[in-house]
**Student:** 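Pasting in a structure now, in structure tokens, and then I'll have a few things to ask.
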Protein chains: 2
Amino acid sequence: MTDKQSANNLAEQVMVRLSADIRGGRLAPGARLPTEQALTAELGVSRTVVREAVAALRADGLVVTRRGSGAFVADPMAGPFRIAAPHATTLSDILDVMELRLAVEVEAAAFAAERASRRQVAVIRTAWRSIDTALKRGEGAVAEDFAFHRAIAEATGNSQFPRFLAYLGSHVIPRQSVRLNVDTPDERRTYLERIQHEHSRIVAAISDGDAAEARRAMREHLTRSLGRYRTLAGGKKNGRR
Amino acid sequence: MTDKQSANNLAEQVMVRLSADIRGGRLAPGARLPTEQALTAELGVSRTVVREAVAALRADGLVVTRRGSGAFVADPMAGPFRIAAPHATTLSDILDVMELRLAVEVEAAAFAAERASRRQVAVIRTAWRSIDTALKRGEGAVAEDFAFHRAIAEATGNSQFPRFLAYLGSHVIPRQSVRLNVDTPDERRTYLERIQHEHSRIVAAISDGDAAEARRAMREHLTRSLGRYRTLAGGKKNGRR
DNA sequence: GTTGATGAAGTTGTCAGACAACTTCATAAG
DNA sequence: CTTATGAAGTTGTCTGACAACTTCATCAAC
């Protein structure tokens, strides 16, 4: 966690220091940061460096600056938040992210079942049909599949779910192409058809407003998908350490 | 989505512009950005502004700079990813985030039940006992509660869960103090005791390796907590749009 | 011809000073 | 007490300069 010497430029060092002060609670939300002049004096760096550091913090959403007034620690909820920086994108990392995605999507299905409007259910059903037509054309339907899951996330009425999925999807889904390549056309077709059958179960549950069943269907769907990656990873299963 | 005029400082405008160029694909990963001199000439701003914008992009993980060489578009997967930028922190936004947290924690409890080592179970149990002693001292045990949930996330063996919770927790949990203030001491005590009883159910399920029960217990625990906020929000329940 | 040293040009990192735009607050005028 | 006024303080921007480093072409030596 101590990454202070790793920076080769002063601005980043100052940025790390201030960031630590904020995240560590020494600078409470709403509190005012020392003035640029004070920081230059205290840290022995030029104003340019301090300003670049503050610019970085502002980009991170940790502080907001008001011209003529000062720089203030932002309300943490206001800024965009970042999670999970997979430095090396190993297969293990991907699996970890997929598990997180599973968690979110399972509950999204339940919320969708509870709260989706008829219009939103219709959107989900349309997305489902799009997968169908794509499969009949012999395509992989990767984009359609993503749209389907996205439609469910939208139907939760909670904007956090589609936002979350939007990111995860764009980085996890593309790897499906890897899987499809190693299968024979026959295996692939039966696989995709089973996927589609699982999808239909999810659609039915949401349409019926059955949250528990929606959860179950979605969990099975994603767990099965996860299982395929796990075997691909080399039998890394359960029971660690 | 087009927030270009909203910025009151030039550096942010430049930052938004460059950010759009990168995300839009006009600047491919690995490509070199125009030199600072070129940007000052093209955009009609000083080098100070350009440098602050680049500093912000570096903080975002979108670019890396090499002294004497230039600034380059970073590999997208390398950087941390960000989600969910609720501009206005309304109570509704908080509820949305809490629902996301519920989704993640429910599944974390299940994974913990399946995969926690004996040592990790011990850590969870210790955290649970810490809450107990804090309650007996008449304290709110906010920090202890967070440590408890964190211990469960750690026990999943998936680093994404504790990372995710670390952010959400630090920003959602503190709001508990709001709730505690409006209660009478008596209500508060019975409330905290019930919470602790819910915790014990979770601990037992994880200890037994019963994933389904762990899910159920955690969901009930968090759903109840969510419900209190919902009533506080003013009866905003289900069935939208 | 290949290799290695040399040096100039280009680029980012840092410093310093200046002024503009804005906020804040004390003070005086009404 | 309320309202202007103005000075001081703070961030935003511009300019110029130099240091540290990289890159690449040139040239000498083998």
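Chain A is the first sequence line, chain B the second, and so forth, proteins listed ahead of strands; every chain is numbered from 1. As the structure is a prediction and not an experimental result, all values here were calculated from the model.
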**Student:** Using atom CD of A:Glu52 as one end and atom P of C:dT14 as the other, report the distance to the nearest whole Å.
**Tutor:** 7 Å
**Student:** Between the side chains of A:Glu99 and B:Asn158, is a donor N or O closer than 3.5 angstrom to an acceptor N or O?
**Tutor:** yes
**Student:** Taking CG from A:Leu43 and P from C:dG13, how many angstroms apart are they, rounded to a whole number?
**Tutor:** 19 Å
**Student:** Counting distance only, does the side-chain N/O of A:Arg32 pair as donor-acceptor with the main-chain N or O of A:Phe72 below 3.5 Å?
**Tutor:** no
**Student:** For B:Val54, answer base if it contacts any base atom (sugar-phosphate contacts may also be present), sugar-phosphate if it contacts only those atoms, and nothing otherwise; contact means non-hydrogen atoms under 4.0 Å.
**Tutor:** nothing
**Student:** Look at A:Thr65 and D:dG12 and indicate whether a side-chain polar atom (N or O) is within less than 4.0 Å of OP1 or OP2.
**Tutor:** yes
**Student:** Which nucleotide in the set D:dT10, C:dC15, C:dG13 lies at the smallest distance from any side-chain heavy atom of A:Arg32?
**Tutor:** D:dT10
**Student:** Within this structure, what is the CZ-to-P distance between B:Arg51 and D:dC14, rounded to whole angstrom?
**Tutor:** 15 Å
**Student:** Return the value, rounded to whole Å, for the distance between atom CG of B:Leu33 and atom P of C:dT12.
**Tutor:** 9 Å
**Student:** Are any of A:Ser46's side-chain N or O atoms less than 4.0 Å away from OP1 or OP2 of C:dT14?
**Tutor:** no
**Student:** Which whole-number value in Å describes the distance from B:Glu36 CD to C:dT12 P?
**Tutor:** 5 Å
**Student:** Return no unless some side-chain N or O of A:Ser69 is found under 4.0 Å from OP1 or OP2 of C:dT23.
**Tutor:** no
**Student:** Of the options C:dG13, C:dA21, C:dC15, whose atoms approach the side-chain atoms of A:Arg67 most closely?
**Tutor:** C:dA21
**Student:** Does B:Gly44 or A:Pro34 map to a spot on DNA chain D nearer the 5' end, using the closest nucleotide for each?
**Tutor:** A:Pro34
**Student:** Is there a donor and acceptor pair, one atom on the side chain of A:Arg47 and one on the base of D:dT13, closer than 3.5 Å?
**Tutor:** yes
**Student:** What are the two closest heavy atoms between A:Arg115 and A:Thr156, and how far apart are they?
**Tutor:** NE-O, 3.0 Å
**Student:** Could you check whether any side-chain N or O of A:Arg26 sits under 3.5 Å from a backbone N or O of A:Ala20, counting only pairs where one atom can act as donor and the other as acceptor?
**Tutor:** yes
**Student:** Find which nucleotide of DNA chain C each of A:Arg66 and B:Ala71 is nearest to by heavy atoms, and output the residue with the more 5' nucleotide.
**Tutor:** B:Ala71
**Student:** Would you kindly give the CG-to-P distance between A:Asn9 and C:dG13, to the nearest whole Å?
**Tutor:** 6 Å
**Student:** Check whether more than 12 heavy atoms from other residues, nucleotides or ligands sit under 6.0 Å from atom CZ of A:Arg119, and answer yes or no.
**Tutor:** no
**Student:** Can you tell me how far P of C:dC22 sits from CZ of A:Phe72, to the nearest Å?
**Tutor:** 17 Å
